[in-house]
Amino acid sequence: MSPEALSELIFNIANNLVNEGKAGTLTTDLIPPQAKFAVMRPKDRAHGDWASNAAMQLAKKAGMKPHDFAELFAAELANADGIKSVEVAGPGFINIVLDSASAAAVVDTVLNEGANYGKNDHLSGKTLNLEFVSANPTGPIHIGGTRWAAVGDSMARVLEANGAKVVREYYFNDHGEQINRFAKSLVAAAHGEETPIDGYKGAYIDEIARRVIDEAKADGIAILDLPRVDGGVDNDGNPLGEGDSEQREEFRKRAVPMMFDEIRKSMKDFRVNFDVWFHENSLYSDGEVDKAIADLRERGDIYEKDGATWFESTKHGDDKDRVIIKSDGNYAYFAADIAYYRNKRHRDNDPADIAIYMLGADHHGYIGRMMAMCAAFGDEPGENMQILIGQLVNVLKDGKAVRMSKRAGNVVTIDDLTDAIGVDASRYSLARTDYNSPVDIDLNLLASHSNENPVYYVQYAHARSCNVDRNAAAAGITYEGADVSLLDTAADGEVLAALAQWPALLREAGDLRAPHRVAHYLEDLAATYHKWYNVERVVPMELTDPEARGEQAEALRIAKAPEPARAAARLKLNDAVKTVIAEGLDLLGVAAPDRM
RNA sequence: GGCCCCGUAGCUCAGCUGGAUAGAGCAUGUGACUUCUAAUCUCAAGGUCGACGGUUCGAGCCCGUCCGGGGUCACCA
């Protein structure tokens, strides 16, 4: 019997007790939804396989003592199929022990459903647009964006496992001033000049500059000879770099697409496959920005002041109104965001029911205006628009924080990370941390190419289970004749219970937008498996001198030299673990190796 | 100052609708490979869950006030 089936049973018993007049002042409309009746896995095995706090939750409403009310539940539960015993303990916990066949039923469920075990369709019919990373196309993805790539893609996979249609989307900010900074940084690098005060530097800038020069040359253009304009210096005498020249424009035209390709490749190598690569520029060239502003104007949320055009976001809960067209006639960045959201919701292909934004903590100040904009369009903030704020990645050197900046050229990139520890370890360690917490990356640790990563613990469990398969096959052990009710040892029970918890966990990870829970679950499952492996065998071994063990002899035989029906059942259990670990690792974008 | 996140073992972090004796990894000490992979397992040690109040059968979790750390505030993008 699965924990879900148990919860349903307890929920039904609560209703029956009311209908039979045994539940005091409790009425059926006071009973919370079934989800509130989830059973828990007690830490202490003396408290049963599963425990319910239903009686304690309802006792007050029933006007009864929790312990007495629990006894009523216990009496009903004791009669149910698959339940071995029920006991009321402590203040009113109902502790349930399943009979071994019932507890082991999960094994066949897993093997029948395979990689679909635990998946559900409770989000089906909804299209979720998940925008993440969206790093500027002015350089390689840095460690911060890498975190969102790992977390965002895993979240997408988890949401899909809950039945949602997910559109993974990357937004290229290819419109604004940062593109000019990028272009003039390239010009400076190409001529060996000082980096502009607001420019970028680093090996990638030199490399892109070289590639642009080569590409232009192949097209018959001597790019370094094109007309230049000196941008002058700022008040402190720092160089502002190349002005709006023909040469800068040529660099921009050629370099920006290179960056698009670089980023696409980085994401693909990181096993993140975006469905839509959206260009900010297209919002302007397609007139969507103007349409969006006109839409808001029609809704009465636009006004003119001081020569600028404003969005009256305070009407919808923002702290202050926001400029969308500046007094110099240029659009503010936010104008494109408005058009972009509108596009996500009303585009022809896969319009979003829910637009989820994953943003870094440095963008949290945007939530107010974004939600106001959502409301202004008549949508429901928090429902149609959901913003997840993730904390930043801190880079440490010798235990001290290092400030990354493109200006200083000391940015830690996605390639730095994956070159050092590989994609599996990178994705896993970034996805297993709750994005509400900051992450520290120590440069010394990266340089050491350390193998210390919990991902190997989980992967090893998978490789180990594959090895058991190979040995079982060699010994002629198959599922034939398996009796899963013989999975009755303590170690078996722990593994079975861990397997049984996967469906609820997967759903919770989706509902809470918490893919890191998948990783922690896998570590728990792997731990029960490794312990199991150390005390029990699938392939029987020959016991020398078993009689000498005295009273231990039978326990030893069960553990190390199982009879055929038990060995076959253990093989099934082994394979069920293998299946769930592979499924879980896939949700994290991590490989499940057959050997290590 | 306003708003957001965080504070749990020496370090890095989990902690599931509030639940029984607060967990794991690393590090430290200790055992287990002539028999399915020792990237594993066993045992030990390590805690005022930042502080103080409140809510209740019960608080690491919920509410309030403080303390400490990080982030943010624009006619920048």
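Each chain gets a letter, A, B and so on, in the order the sequences are listed, and its residues count up from 1.
Among the atoms of the strands shown, base atoms are found under 4.0 Å from some heavy atom of A:D594. Within 4.0 Å (heavy atoms only), A:A475 reaches no atom of the nucleic acid at all. At a threshold of 4.0 angstrom between heavy atoms, the contacts of A:R369 are confined to the sugar-phosphate backbone, with no base atom among them. At the heavy-atom level, A:K65 lies nowhere under 4.0 Å from the strands shown. As judged by a 4.0 angstrom heavy-atom cut-off over every strand, A:N394 is placed among residues making no nucleic acid contact.
Comparing B:U12 with B:C57, their C1' atoms are spaced 37 Å from each other, to the whole Å. The gap from the C1' atom of B:G50 to that of B:C67 amounts to 7 Å, rounded to the nearest Å. Between B:G47 and B:U17, the two C1' atoms lie 27 Å apart (nearest whole Å). Taking atom P on both B:C66 and B:U21, the two are 34 Å apart, rounded to the nearest angstrom. Rounded to the nearest Å, the gap between the C1' atom of B:G46 and that of B:A51 is 23 Å. The gap from the C1' atom of B:C75 to that of B:G69 amounts to 33 Å, rounded to the nearest Å.
Checked by distance alone, A:H364 brings no side-chain donor or acceptor within 3.5 Å of a matching partner on the base of B:C5. Put simply, the side chain of A:S327 and the base of B:C75 share a donor and an acceptor less than 3.5 Å apart.
For A:H530 and A:Y460, the ring centers sit closer than 6.0 Å to each other.
Distances shorter than 4.0 Å separate some side-chain N or O of A:K320 from OP1 or OP2 on B:A74. Between B:A14 and A:S437, a contact under 4.0 Å exists linking OP1 or OP2 to a side-chain N or O. Residue A:Y456 places none of its side-chain N or O atoms closer than 4.0 Å to OP1 or OP2 of B:A39. Contact between the side-chain N/O atoms of A:H516 and the OP1/OP2 oxygens of B:G15 is found at a separation under 4.0 Å.
Comparing B:A14, B:G70, B:G71 by their closest approach to the side chain of A:D434 singles out B:A14. In the set B:C75, B:A74, B:U72, B:C75 carries the atom at the smallest distance from any side-chain atom of A:V323. Checked against B:A14, B:C75, B:A39, the side chain of A:Y460 finds its nearest nucleotide in B:A39.
No donor-acceptor pair under 3.5 Å is formed between the side chain of A:D301 and the backbone N or O of A:L296. Proximity of a side-chain donor or acceptor of A:K326 to a complementary backbone N or O of A:A308 within less than 3.5 Å is not detected.
Glycosidic conformation of B:C33: syn, with the torsion inside 90° of 0.
A search for salt bridge (Lys or Arg N to Asp or Glu O under 4.0 Å) contacts involving A:K578 returns A:D469, not counting sequence neighbours. For A:A475, the side-chain contact (heavy atoms from CB on, under 4.5 Å) criterion is met by A:I477, A:V539, not counting sequence neighbours.
Of the residues listed (A:Y284, A:F260, A:Y340, A:Y171), the one engaging A:H279 in a ring-ring contact (aromatic ring centres under 6.0 Å, His included) is A:F260, and it is the only one. When each of A:N453, A:V455, A:I421 is paired with A:S426, the side-chain contact (heavy atoms from CB on, under 4.5 Å) condition holds for A:I421 and for no other. The one candidate from A:K43, A:R45, A:K531 that meets the salt bridge (Lys or Arg N to Asp or Glu O under 4.0 Å) condition with A:E494 is A:R45.
Nearest approach of A:L26 to A:L30, heavy atoms of both residues: CD1-CB, 3.9 Å.
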Just list the side-chain donor-acceptor pairs under 3.5 Å for residues 64-74 of chain A, sequence neighbours left out, or say none.
none

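Projected onto RNA chain B by closest heavy-atom contact, A:R595 and A:V439 fall at different nucleotides, the more 5' of which corresponds to A:V439.
The nearest whole Å value for the distance from the CG atom in A:L430 to the C1' atom in B:C13 is 14 Å. Protein atom CG of A:D306 is 10 Å distant from nucleotide atom P of B:C75, rounded to whole Å. Taking atom CZ of residue A:R322 and atom P of nucleotide B:C75, one finds them 8 Å apart after rounding to whole Å.
In this structure, A:R322 is not positioned above the aromatic face of A:W310 in the sense of NZ or CZ being under 6.0 Å from the six-membered ring centre and within 45° of the axis.
Under a 4.0 Å N-O distance rule, the pair A:D198/A:K184 qualifies as a salt bridge.
A 4.5 Å side-chain heavy-atom check between A:F172 and A:I263 finds at least one atom pair inside the cut-off.
Using bins of under 30°, 30° to 60° and over 60° for the plane-to-plane angle, the ring pair A:W148/A:Y435 lands in the perpendicular bin.
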Between N or O atoms, less than 3.5 Å apart, protein on one side and nucleotides 59-62 of chain B on the other: list the pairs.
none

Which nucleotides of RNA chain B pair, in dot-bracket form (Watson-Crick or G-U under 3.5 Å, | meaning another strand)
(((((((..((((.....[...)))).((.((.......)).)).....(((((..]....))))))))))))....

Using a 4.0 Å heavy-atom cut-off to protein, can you give one letter per nucleotide of nucleotides 16-35 of chain B, 5' to 3': B if the base is in contact, S if only the sugar-phosphate is, - if neither?
SB-BBB-S-----------B

